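In what follows, a structure is listed as structure tokens, so that the remarks can point back to it.
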Amino acid sequence: MTKRKTSPQPKQERAKETIEQVLQATDEALRDGGEASVRIQDISQSTGVSVGSIYHHFGDRDGLIRAAYVHRFEANVKEDIRRAKNFMERMHSVEEIGQHYDEMIEFLNNHFLMFPAREQANVLGNTAGRPLLRDAIIEVQNELTDGFTEVMQLLQDRKMLKPHLTPRAAAVMALGMLHGRIVAEFDRTPVSDQEWNQAMLSAFGGLFIIDDQLNV
């Protein structure tokens, strides 16, 4: 299956900068007032990019909104993968992971600070009835799963992952817990960030051979 590019993929540096400006302005509009606040004319005025250029790169207003959703989702995915790999490459035992508990809490805090659970829910919810957006988010999510599978494969190679677990299944489970924060956002008495992060790390420890070495 051919991978569909939702965002423009220009080769020229100037065009890349133009697209980045437009996407950032669109993202701000989406955060401030949702899709109704995204107006091509307003984006053009705030960025100095002509209306014609915006239509050239994104096709139409829906294409612009779709690209902004994917751009935000993808940026956070790549940062999560980078940080997770850097962290796990330094770990050689479950005990060592437990000794870096505060660093794992910081990872979770940063993740939800950069991409709050409610905003994640909004992006995913907007894929309903929009196959192009859905396909694009699936591609980004697949990239995230692939990245975390590499992390779990490393843990398996170091005899840290429970032997009955495949690296991809463990990766999907960990990501499911990460995305699960969305549920708490719609609870009448939501748990605090600290409570959620502690519970998540406790569950995450269950993936390892000696899970009681995690200080959670």
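This is a predicted model, so every value here is computed, not measured.
- In the hydrophobic cluster analysis, where Ile, Leu, Val, Met, Phe, Trp and Tyr join through side-chain heavy atoms closer than 4.5 angstrom, Val191 is grouped together with Leu108.
- Remark: side-chain polar atoms of Lys159 are not paired, donor with acceptor, to backbone N or O of Ser93 under 3.5 angstrom.
- Remark: the Glu195 side chain and the Ser192 side chain contain an N/O donor-acceptor pair separated by less than 3.5 Å.
- Remark: the Asp60 side chain and the Tyr55 side chain contain no N/O donor-acceptor pair separated by less than 3.5 Å.
- Between Arg158 and His92, some side-chain heavy-atom pair lies under the 4.5 Å cut-off.
- In terms of heavy atoms, Ile182 sits closest to Ala121 at CG2-CB, 3.4 Å.
- Side chains of Leu207 and Met173 form a contact here, defined as non-hydrogen atoms less than 4.5 Å apart.
- Note that CZ of Arg66 and CG of Asp62 are 5.5 Å apart. Values are rounded to the nearest 0.5 Å.
- Here the side chains of Phe208 and Ile97 are in contact, with some heavy-atom distance below 4.5 Å.
- At least one side-chain heavy atom of Leu178 sits under 4.5 Å from a side-chain heavy atom of Asp80.
- In this structure a side-chain-to-backbone donor-acceptor pair under 3.5 Å is present from Asn126 to Asn122.
- Counting only heavy atoms from C-beta outward, the side chains of His179 and Gln141 approach each other to under 4.5 Å.
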Problem set entry | Working for side chain to side chain contact (heavy atoms under 4.5 Å, CB included), residues Ile54 and Ser44 | CA-CA 8 Å; Ile54 293 175; Ser44 174; 4.1 Å; yes
For this session: Decide yes or no on side chain to side chain contact (heavy atoms under 4.5 Å, CB included) for Arg130 and Arg134, but give the supporting numbers first.
Result: CA-CA 6 Å; Arg130 299 164 88 170; Arg134 181 179 181 276; over 6 Å; no
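- The minimum heavy-atom distance between Ser37 and Ala29, with the atom names listed, is OG-O, 2.6 Å.
- No single ILVMFWY cluster, assembled from side-chain heavy atoms under 4.5 Å apart, contains both Val172 and Val140.
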For this session: Given side chain to side chain contact (heavy atoms under 4.5 Å, CB included), test Glu139 with Asp135 step by step and report yes or no.
Result: CA-CA 6 Å; Glu139 290 292 347; Asp135 288 349; 5.7 Å; no
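- Under the 3.5 Å distance criterion, the side-chain polar atoms of Arg61 are matched with a main-chain donor or acceptor of Val38.
- Under 3.5 Å, the side chains of Gln153 and Glu150 contain no donor-acceptor pair of N or O atoms.
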Exercise. Could you go step by step and tell me if Phe148 and Arg168 meet the side chain to side chain contact (heavy atoms under 4.5 Å, CB included) rule?
Worked result: CA-CA 8 Å; Phe148 272 84; Arg168 193 166 190 87; over 6 Å; no
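- The closest side-chain donor-acceptor pair between Asn109 and Asp193, if any, does not fall under 3.5 angstrom.
- In summary, the side chains of Tyr69 and Glu35 do present a donor paired with an acceptor at a separation below 3.5 Å, with no hydrogens or angles considered.
- Here the side chains of Asn76 and His111 are not in contact, with every heavy-atom distance at 4.5 Å or above.
- Looking only at atom types and distance, the side chain of Glu106 has no donor-acceptor partner in the side chain of His100 under 3.5 Å away.
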For this session: Could you go through the salt bridge (Lys or Arg N to Asp or Glu O under 4.0 Å) check for Glu103 and Arg90 one step at a time?
Result: CA-CA 12 Å; Glu103 193 172 339; Arg90 294 162 25 218; 3.0 Å; yes
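- With values rounded to the nearest 0.5 angstrom, Thr166 atom OG1 is found 8.5 Å from Leu161 atom CG.
- Using a 4.5 Å heavy-atom cutoff, the side chains of Val49 and Ile43 are not in contact.
- Nearest heavy atoms, Ala136 versus Val70: CB-CG2, 3.6 Å.
- If you run side chain to side chain contact (heavy atoms under 4.5 Å, CB included) between Phe58 and each of Ile65, Leu23, Thr26, only Leu23 comes through.
- Classification of Glu119 and Arg72 as a salt-bridged pair holds, one side-chain N sitting under 4.0 Å from a carboxylate O.
- Taking both residues in full, the closest heavy atoms of Met152 and Ala174 are given as CE-CB, 4.1 Å, listed atom of the first, atom of the second, then distance.
- Taking the side chain as every heavy atom from C-beta outward, Thr149 and Thr145 approach each other to under 4.5 Å.
- Side-chain N/O atoms of Glu20 and His71 include a donor and acceptor closer than 3.5 Å.
- Shown here is Gln194, whose CD atom has no more than 12 heavy atoms of other residues, nucleotides or ligands within 6.0 Å.
- Summarising the geometry of Met104 relative to Leu201, their closest heavy-atom pair is CB-CD1, 3.9 Å, with the distance given to 0.1 Å.
- Ion pairing between Arg82 and Glu79 holds under the 4.0 Å rule for side-chain N and carboxylate O.
- More than 12 heavy-atom neighbours from other residues, nucleotides or ligands sit within 6.0 angstrom of CE on Met91.
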